[in-house]
Structures are given as C-alpha cells and as structure tokens.
Amino acid sequence: MLYRQLAEVSTYVTDPSHKFSDVLQMLCIKALSTFNTDALVYTEIDHNGHAIPHTSFGIDIIDKNGDRPTFAISERTPFTDAIRENRIIWIDSLPTWPKQYGNMSRLQLPKNLKTMICCPIDVGGLPIGSLTAFSHAKLEFEEATAQYLEAISLILSNAIRNQTQSRKKSSRDRDELSKTENFSFDPSEYEKPLTERQNLILKLIAEGRTNAAIAD
C-alpha cells in the first residue's frame, strides 16, 4: 500500500505546475494520512545560515509574540538538528518537549499534538531544509515508518532540485533573449566603402587562404 502511495507522491510532487503549498497539502491529506498527520512544515535554510519555517499546511509556526521564529543553524531545535546531523528527529511526548529542546516551548503549537517527526532534505548532498510532520496520535518510532518518511523527503528533494534547475535554465534563456532584443543594428555604420586593404583581405578570404597566409 505504501509503495502505491509513494508512486502517487512522485507523480504529483514532480509536476512543476503544482505549488509547494499544494504539495504539502497532498502529502498531509493522502500520503501521510495513515499516521494521523495533522500538519506539515517545510523549514528552509536561508543565505544567512538560519532555518526558517518557509511553507506549511495545517499549522502556523509562530512564537508567543505571534512572530514567525528564526533558528540559527547551530541552535538545538528538531528542525536544525535534523538538517545539521542528517537524521530523523522523532518526538512523541508533545506537548511536553524533551529536555534538550526546552527552547521550543516558546512556540505556539496546538495542545492536541502528540508527535513531531523531522526529516532532513538535501539537494545533491547539500542540506537545504527539513520536512516536519505533526500528528495528534502518539506514534512510537518504527523503522518502516521512518523509511517511508525518508522516501518522501527524497522525492521532495529531487523535485526541488529539478525545479531549481528549471528556474536557472529559464533565467539563462531570458538573459539570452534580452541580449538579442537589446541588439541594435545601425545601417549607417556600414555605408562607407571598404578600404583597399580591406578589399584585399576579403579577396584572400574568398580564395580560401589561411590566416597565416593572409598575414604573410
């Protein structure tokens, strides 16, 4: 059954017409429904080395001030540990946080959530973020479940890589088109007749002479 769900995930996620928020919605409602998943959060590393909840479905990651939190990549959080250590962080004690994640108590999470599972996401070996699933059920760690979540993270990372490459290609194409559109042709620059020396060089080129022969 899970293999069929992975095939559906791959087909949907790799379609570039789907927005990232739609992808999270599909994963939450269909691919992860078996685990009573209530919400999904994609956390992304920005160019300053901070992990920021980028896109979510079913939940808003905010602190007690109502602001979206920013975590330094060196900070101990489930989001950053999953990214930095390239492993799944599995917490099934919510709303009570493990001692090492006491700083997470500043977040405003629904009280009914019991389990939080963070999976790292990398593109070509480069860590770029994490995918976090929240469930109202207390889910004890199972290797099969962890492997299934890792497979979904891998599909997601491949989709992100393909979309990134597609955006870069589109940007290059736009740049080339812009160069072509900005090219200006002024016929007046070519109205002057060739000089005697230019005519000689042109005649030698027409005869098939090499550059060396023309120079001689």
Side-chain angles (χ1 to χ4, degrees), residues 9 13 20-21 23-28 31-32 35-161 164:
V9 168
V13 169
F20 203 79
S21 56
V23 168
L24 293 187
Q25 180 175 340
M26 181 271 183
L27 292 176
C28 189
L32 298 174
F35 312 109
N36 299 304
T37 303
D38 296 89
L40 280 175
V41 176
Y42 171 62
T43 303
E44 187 175 64
I45 303 176
D46 68 6
H47 64 280
N48 292 317
H50 294 98
I52 303 173
H54 182 272
T55 310
S56 62
F57 173 77
I59 194 173
D60 287 324
I61 300 296
I62 57 175
D63 59 24
K64 292 182 178 179
N65 296 322
D67 300 322
R68 186 174 65 166
T70 298
F71 308 104
I73 193 62
S74 58
E75 188 177 353
R76 289 299 306 274
T77 73
F79 308 110
T80 53
D81 279 3
I83 297 170
R84 192 177 56 253
E85 300 173 12
N86 192 33
R87 66 183 180 93
I88 288 181
I89 304 297
W90 192 301
I91 299 171
D92 58 6
S93 60
L94 297 180
T96 301
W97 292 96
K99 185 177 180 179
Q100 68 267 33
Y101 298 129
N103 58 346
M104 295 291 288
S105 60
R106 76 179 194 257
L107 298 183
Q108 295 248 31
L109 298 181
K111 299 297 183 182
N112 67 316
L113 296 179
K114 298 292 189 297
T115 303
M116 174 187 192
I117 307 172
C118 285
C119 300
I121 294 179
D122 66 73
V123 173
L126 178 67
I128 63 167
S130 64
L131 180 67
T132 303
F134 290 92
S135 174
H136 63 267
K138 181 179 174 63
L139 303 173
E140 295 184 357
F141 179 85
E142 290 185 0
E143 188 64 36
T145 303
Q147 291 178 356
Y148 179 68
L149 291 171
E150 286 177 340
I152 289 179
S153 296
L154 181 60
I155 293 172
L156 194 58
S157 69
N158 288 334
I160 293 173
R161 178 183 59 189
T164 300

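- Taking OG from S135 and CG from N36, the interatomic distance works out to 5.0 Å, rounded to the nearest 0.5 Å.
- Among all heavy-atom pairs drawn from A82 and P120, the shortest one is O-CB, 3.1 Å.
- The closest side-chain heavy-atom distance from L109 to P95 is not below 4.5 Å.
- At least one donor-acceptor pair under 3.5 Å links the side chain of R68 to the backbone N or O of P53.
- Of the possible polar contacts, none joining the S153 side chain to the C119 backbone as a donor-acceptor pair under 3.5 Å is found.
- Atom CD of residue E75 and atom CE of residue M104 lie 8.5 Å apart, to the nearest 0.5 angstrom.
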Checklist entry - Given the rule in the side chain to side chain contact (heavy atoms under 4.5 Å, CB included) test, do L113 and I59 qualify, once you have shown the distances and angles that lead to the verdict? => result CA-CA 11 Å; L113 296 179; I59 194 173; 4.0 Å; yes
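- Remark: F141 CZ to I117 CD1 distance equals 9.0 Å, nearest 0.5 Å.
- Considering all non-hydrogen atoms of both residues, C28 and L40 come closest at N-CD1, 3.6 Å.
- The aromatic rings of F35 and Y148 sit tilted relative to each other, their planes meeting at an angle between 30° and 60°.
- For the residue pair T77 and T80, a side-chain donor N or O sits within less than 3.5 Å of a side-chain acceptor on the partner.
- Contact check for I89 versus Y101: side-chain heavy atoms found under the 4.5 Å cut-off.
- Looking at I91 and P78, their side chains come closer than 4.5 Å, going by heavy atoms from C-beta outward.
- For the pair T115 (side chain) and A137 (backbone), a donor-acceptor distance under 3.5 Å is present.
- In terms of heavy atoms, E140 sits closest to W90 at O-CZ2, 3.4 Å.
- Atom CG of L131 is separated from atom OG1 of T55 by 10.5 Å, given to the nearest 0.5 angstrom.
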Next on the checklist: Apply side chain to side chain contact (heavy atoms under 4.5 Å, CB included) to residues R106 and N65 and explain how you reach the verdict.
Outcome noted: CA-CA 9 Å; R106 76 179 194 257; N65 296 322; over 6 Å; no
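- Heavy-atom contacts from other residues, nucleotides or ligands closer than 6.0 Å to CG of D60 number 12 or fewer.
- A salt bridge is defined here as a Lys NZ or Arg NE, NH1 or NH2 lying under 4.0 Å from an Asp or Glu carboxylate O, and K114 with D92 fails to meet this definition.
- Looking only at atom types and distance, the side chain of H136 has no donor-acceptor partner in the side chain of N112 under 3.5 Å away.
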Next on the checklist: side chain to side chain contact (heavy atoms under 4.5 Å, CB included) for W97 and N103? Distances and angles first, verdict last.
Outcome noted: CA-CA 9 Å; W97 292 96; N103 58 346; over 6 Å; no
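- Taken to the nearest 0.5 Å, the CD1 atom of I88 stands 9.5 Å off from the SG atom of C118.
- Of the possible polar contacts, none joining the D63 side chain to the P69 backbone as a donor-acceptor pair under 3.5 Å is found.
- Taking all atoms of both residues into account, the shortest heavy-atom contact from K64 to S105 is CE-O, 3.3 Å.
- Summarising the local packing, CD of E142 is surrounded by 12 or fewer heavy atoms from other residues, nucleotides or ligands at distances under 6.0 Å.
- Of the possible donor and acceptor atoms, none in the side chain of D81 sits under 3.5 Å from a partner among the backbone N and O of R84.
- Counting only heavy atoms from C-beta outward, the side chains of F79 and M116 approach each other to under 4.5 Å.
- The CE atom of M26 sits 9.5 Å away from the CG atom of L32 when rounded to the nearest 0.5 Å.
- In this structure, the side chains of T37 and F57 stay at 4.5 Å or more apart for every pair of heavy atoms.
- A donor-acceptor contact shorter than 3.5 Å is absent between the side chain of S130 and the backbone of I83.
- Closest approach of T70 to H50, counting heavy atoms only: CG2-CB, 3.4 Å.
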Next on the checklist: Apply side chain to side chain contact (heavy atoms under 4.5 Å, CB included) to residues L27 and Y42 and explain how you reach the verdict.
Outcome noted: CA-CA 12 Å; L27 292 176; Y42 171 62; over 6 Å; no
